[in-house]
Amino acid sequence: MSSSLNRYTYNMYSKNTYSFFDNVYAVVRLIPKGHVTSYGAIAAYLGSKGSSRMVGWAMNSAHSVQPAVPAHRVVNRNGLLTGQHHFGTPGMMQQLLEKENIKVVENKVQNLKMHFWDPVIALA
DNA sequence: CGATTGACGTACG
DNA sequence: TCGTACGCCAATC
């Protein structure tokens, strides 16, 4: 993952953690339209398989990052839209996904396997 | 500076 | 199959 030294040096991530967050953002931005991936998959791709929570934590700050991160394409292992509450208004995340032709029922991505985009495989 | 807290995931009973 | 326990590691209290 090219850290791509993004120059938006956010004071809050000016440490070595900056790399991790930047990598997360970079991967998420690489998710093709109409596809989704999971926190765990991203964590695994970054080498810290058990740090899936950190990926979620990174997304927590994603809203203040530019260019924008398509966080709505990141769901949990079950395809559940666990982070929808972070999108301002409830249902917005689902709306964004459906706009990309991804069916969402009961806050869950339908046919997840078909839309799943694994960075470990895609960026191999 | 120790305790708590997550947009998670796996292991276990 | 379902619920609980725990690890992961930075940020926040």
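By convention in this document, chain letters (A, B, ...) are assigned in the order of the sequence lines, proteins followed by strands, and residues within each chain are numbered from 1. What you see is a predicted model; the values in this text were computed from it and never measured. Worth knowing before you read on, the calculation uses all heavy atoms, side chains too, and leaves out hydrogens, waters and symmetry mates.
- When the nearest nucleotides of DNA chain B are assigned to A:Gly56 and A:Lys49 by heavy-atom distance, the more 5′-ward of the two goes with A:Gly56.
- Nucleic acid contact for A:Ala62: none, since no nucleic acid atom lies under 4.0 Å from a heavy atom of the residue.
- A sub-4.0 Å separation between OP1 or OP2 of B:dG9 and a side-chain N or O of A:Ser38 is present.
- Of the inter-residue distances, the one linking A:Leu96 atom CG with A:Lys33 atom NZ reads 10.5 Å to the nearest 0.5 angstrom.
- Under the 4.5 Å side-chain criterion, counting only non-hydrogen atoms from C-beta, A:Gln84 is in contact with A:Asn107.
- B:dT5 atom C1' lies 15 Å from atom NE2 of A:His85, rounded to whole Å.
- Residues A:Val75 and A:Leu80 form no side-chain contact, since every pair of their non-hydrogen atoms from C-beta on lies 4.5 Å or further apart.
- Rounding to whole angstrom units, CE of residue A:Met59 and C1' of B:dC8 are separated by 13 Å.
- Judged by distance alone with a 3.5 Å cut-off, no donor-acceptor contact links the side chain of A:Arg77 to the base of B:dG9.
- A donor-acceptor contact under 3.5 angstrom links the side-chain atoms of A:Arg53 to the base of C:dG7.
- Distance alone, capped at 3.5 Å, places no donor-acceptor pair between the A:His86 side chain and the A:Asn60 backbone.
- A donor-acceptor contact under 3.5 Å is formed by the side chain of A:Ser52 with the base of B:dC8.
- What separates CZ of A:Phe20 from P of C:dA11 is a distance of 11 Å, to the nearest Å.
- Protein atom CG of A:Asn60 is 10 Å distant from nucleotide atom P of B:dC8, rounded to whole Å.
- Only the P atoms considered, B:dT4 is 16 Å distant from C:dA5, to the nearest whole Å.
- Looking at the side chain of A:Ser51, the nearest of the listed nucleotides B:dA7, B:dG6, C:dC9 is C:dC9.
- When rounded to the nearest whole Å, the span between CE of A:Met54 and C1' of B:dG9 equals 13 Å.
- For B:dC8, the OP1/OP2 oxygens have a side-chain nitrogen or oxygen of A:Thr82 closer than 4.0 Å.
- Residues A:Tyr45 and A:Val24 fail the side-chain proximity criterion, which asks for heavy atoms closer than 4.5 Å.
- One atom, NE2 of A:His86, and another, P of B:dT5, lie 15 Å apart when rounded to the nearest Å.
- Considering only the side chain of A:Asn76, B:dG9 comes nearest among B:dG9, B:dA7, B:dG6.
- Taking atom CG of A:Asp22 as the reference point, atom P of C:dA10 lies 16 Å away to the nearest angstrom.
- The distance from atom OH of A:Tyr25 to atom P of B:dA7 is 15 Å, rounded to the nearest whole Å.
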